[in-house]
Every structure is written in structure tokens, then in C-alpha cells.
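Keep in mind that the numbers below use all heavy atoms, side chains included, and drop hydrogens, waters and symmetry copies. Remember, predicted model here, so these are calculated numbers, not experimental data. For reference, positions follow the sequence shown, starting with 1.
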Amino acid sequence: MSETVPLRGLDSQGYIAREGSLARVPHALRPVVAAARDRILDVFGGRLHSAYLYGSIPRGTARVGRSDLDLLVVLREEPTDADRADGRALDEALDKELPQIDGGGTLFVSHACVLSELERHDLGWFVACLCTPLLGEDLAEYLPRYRPDSLLARETNGDLALVLPRWHDRISSADDSEEARRPLVRFMSRRLVRTAFTLVMPRWNGWTSDLHEMAEAFGAYYPARAEQVRAAAVRGYDPTGDGAVLRAYADDLGPWLAKEYARVHGVKAPRPEGTT
């Protein structure tokens, strides 16, 4: 009898399966989701097209009191600075009032941007595969199904080289304290692990959002860099505030990964100035 090969985040036809659902939200975090839903409606009202959860909460892997709340708000028109300010205020209020979460962030995009050809294999894929509908019409209905191929790899993480100069600026301008550096370590660790994973994703032929599983998949193809990426996966969940880690990311692992990514998959299609 032939051995069954696991589909690893894919459906029976080889497309990436949507990874979260409201049914998977841990019971202790359901009041958080309900509060977020109500606040989004109150703040954005008729400007709102739809809203989504993403991250560990809809995947059912969140740690109560330690995980953050990740939201995507799709507006009918292009988001304004005032919209983003309202979003920051919403994030701060929810974090202050709800001890079940440790911070949060709300992303803003327009309905037209999600469905644009330019964003088909980046933001569109993100909505269709990594986001869980919370409010409004689900835009996944208007998007294609996605395979873990080189096009998806290029368009999701093929812009690391453009990001690295900004990382240097953020590192140099951060306060010289563990507390100030810890969020940077968490953010950059996650970005590097996800980029390392999508570098090998077409060969691995699957999808996962688990940082440790991502690091193991990468390490199977790049053993010389495996330990660096495994350590980054650990810091993605439990960050330290070590400045040496940030410098190693920006000066060593990041540049190597950007160069190898461009060699294997090419460079992400250019976005309008100020949107990368």
C-alpha cells in the first residue's frame, strides 16, 4: 500500500487552505473578538467595507495574556491619516481594557487595493488565505485560489532588500533599552523567518504559519543557515531586547536572505512610492 503524503496546509486539490476561523478562537479570547467587532463598527461605520482577524487568535494558537490582536480593516475608499489615527486609538483602548491580549495592531487598506491586479498575489492572497472574516462581505469570494508556487513567493516576500535600509534606521533610532528593542526583535524575527520559509515554500510544497515549522522547513534546504533561522523563530514568539541580535539581522541574515531570494524567485513587482 502506498504511503499517504500529508498535504501540509493545502486542500485536496493542492491549493492553500484558509487557515483560521471564528470557531477556533479560544473561549477566553472571544470577548476580545466581540469587543473589536463592536468598536470597528462604532468607529468606521459607513466607511467600512469589511474587517478580518488574522494571526494566532483565529488559528486557535493564541496564548492568553501574551498574544496580540491582529486586525485588517478594509475601507470603501483609500485610508486616510485620520483613519490610521483612529485605528491606533482603537488598538490602545482594546489593549488597555482587555488583559487577555498583549498589544495589537490594525492594518488599513481599501476595497480596490485588495482586488487590484498588482496585489493579487500579496494582499489578495493574505485576505483569501490568512484572514478570517469578522464583518462585512468576504473579499475572498472575488479572489483566486492560490498554490505555494514561485510567483506567490516572489510577490509576498520578494521585497526584503527594500526593507533593510529602513530596519537600519529603526534600529539606530530606537531607545537604548531592552524594552524599546524587544518589539523590534519580535517584528524582525517574524519577518525573517517568514521570508526564509517562503524562499523554500515551492519545494516544500505546503503552507504553515507556525514559525518553528517554517524554520525547520527552511533548514532542510539551507543547513548552513538553519540555526540562525531557528533562533529567530524562538525570538518571534519570545523576543529579547538584544541589540546585537538586531544588528545581526540587518547586517548578516537579512542581506543574505534578500540576495538568495532574488536569485531564486526574483524581485517583487514595484509598488507606488510610499506603499512598500
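Checking side-chain atoms of Thr80 against main-chain N and O of Asp83 turns up a donor-acceptor pair under 3.5 Å. Side-chain N or O atoms of Arg230 include none that pairs as donor or acceptor with a backbone N or O of Glu216 at under 3.5 Å. Proximity of a side-chain donor or acceptor of Asp175 to a complementary backbone N or O of Ser177 within less than 3.5 Å is not detected. For the pair Arg59 (side chain) and Glu19 (backbone), a donor-acceptor distance under 3.5 Å is absent. Side chain of Arg181 to backbone of Gly241: a donor-acceptor contact under 3.5 angstrom is found.
Remark: the Asp122 side chain and the Thr156 side chain contain no N/O donor-acceptor pair separated by less than 3.5 Å.
For Arg191 and Tyr249, the positive end is not near the middle of the six-membered ring at less than 6.0 Å and at most 45° from its axis. Both cation-pi conditions hold for Arg8 and Trp204: the charged atom is under 6.0 angstrom from the six-membered ring centre and inside a 45 degree cone around its axis.
Arg235 meets the salt bridge (charged side-chain N to carboxylate O under 4.0 Å, His left out) test with no other residue; sequence neighbours excluded. With sequence neighbours left out, the salt bridge (charged side-chain N to carboxylate O under 4.0 Å, His left out) criterion links Arg182 to Glu178.
In terms of heavy atoms, Tyr261 sits closest to Ala153 at OH-O, 2.5 Å. Considering every non-hydrogen atom in both His265 and Arg154, the closest pair reads O-CD, 3.1 Å. Taking all atoms of both residues into account, the shortest heavy-atom contact from Arg271 to Leu118 is NH2-O, 3.0 Å.
Taking a 6.0 Å sphere around CG of Asp42, one finds it holds more than 12 heavy atoms contributed by other residues, nucleotides or ligands.
Between Ser67 and Ile101 the shortest side-chain heavy-atom distance does not fall below 4.5 Å. The closest side-chain heavy-atom distance from Gln228 to Leu192 is not below 4.5 Å.
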Worked verdict on Phe108 versus Phe44 for ring pair (Phe, Tyr, Trp, His ring centres under 6.0 Å): CA-CA 11 Å; Phe108 289 89; Phe44 298 103; 5.3 Å; yes
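In this structure, His212 and Tyr237 have tilted ring planes: the angle between them lies in the 30° to 60° band. Note: His49 and His111 have tilted aromatic rings, judged against thresholds of 30 and 60 degrees for the angle between ring planes.
Residue pairs meeting the side-chain hydrogen bond (donor to acceptor under 3.5 Å, both in side chains) criterion with at least one partner in residues 95-104, sequence neighbours excluded, are Arg39-Glu97.
Between Tyr15 and Trp207, the gap from one ring centroid to the other reaches at least 6.0 Å.
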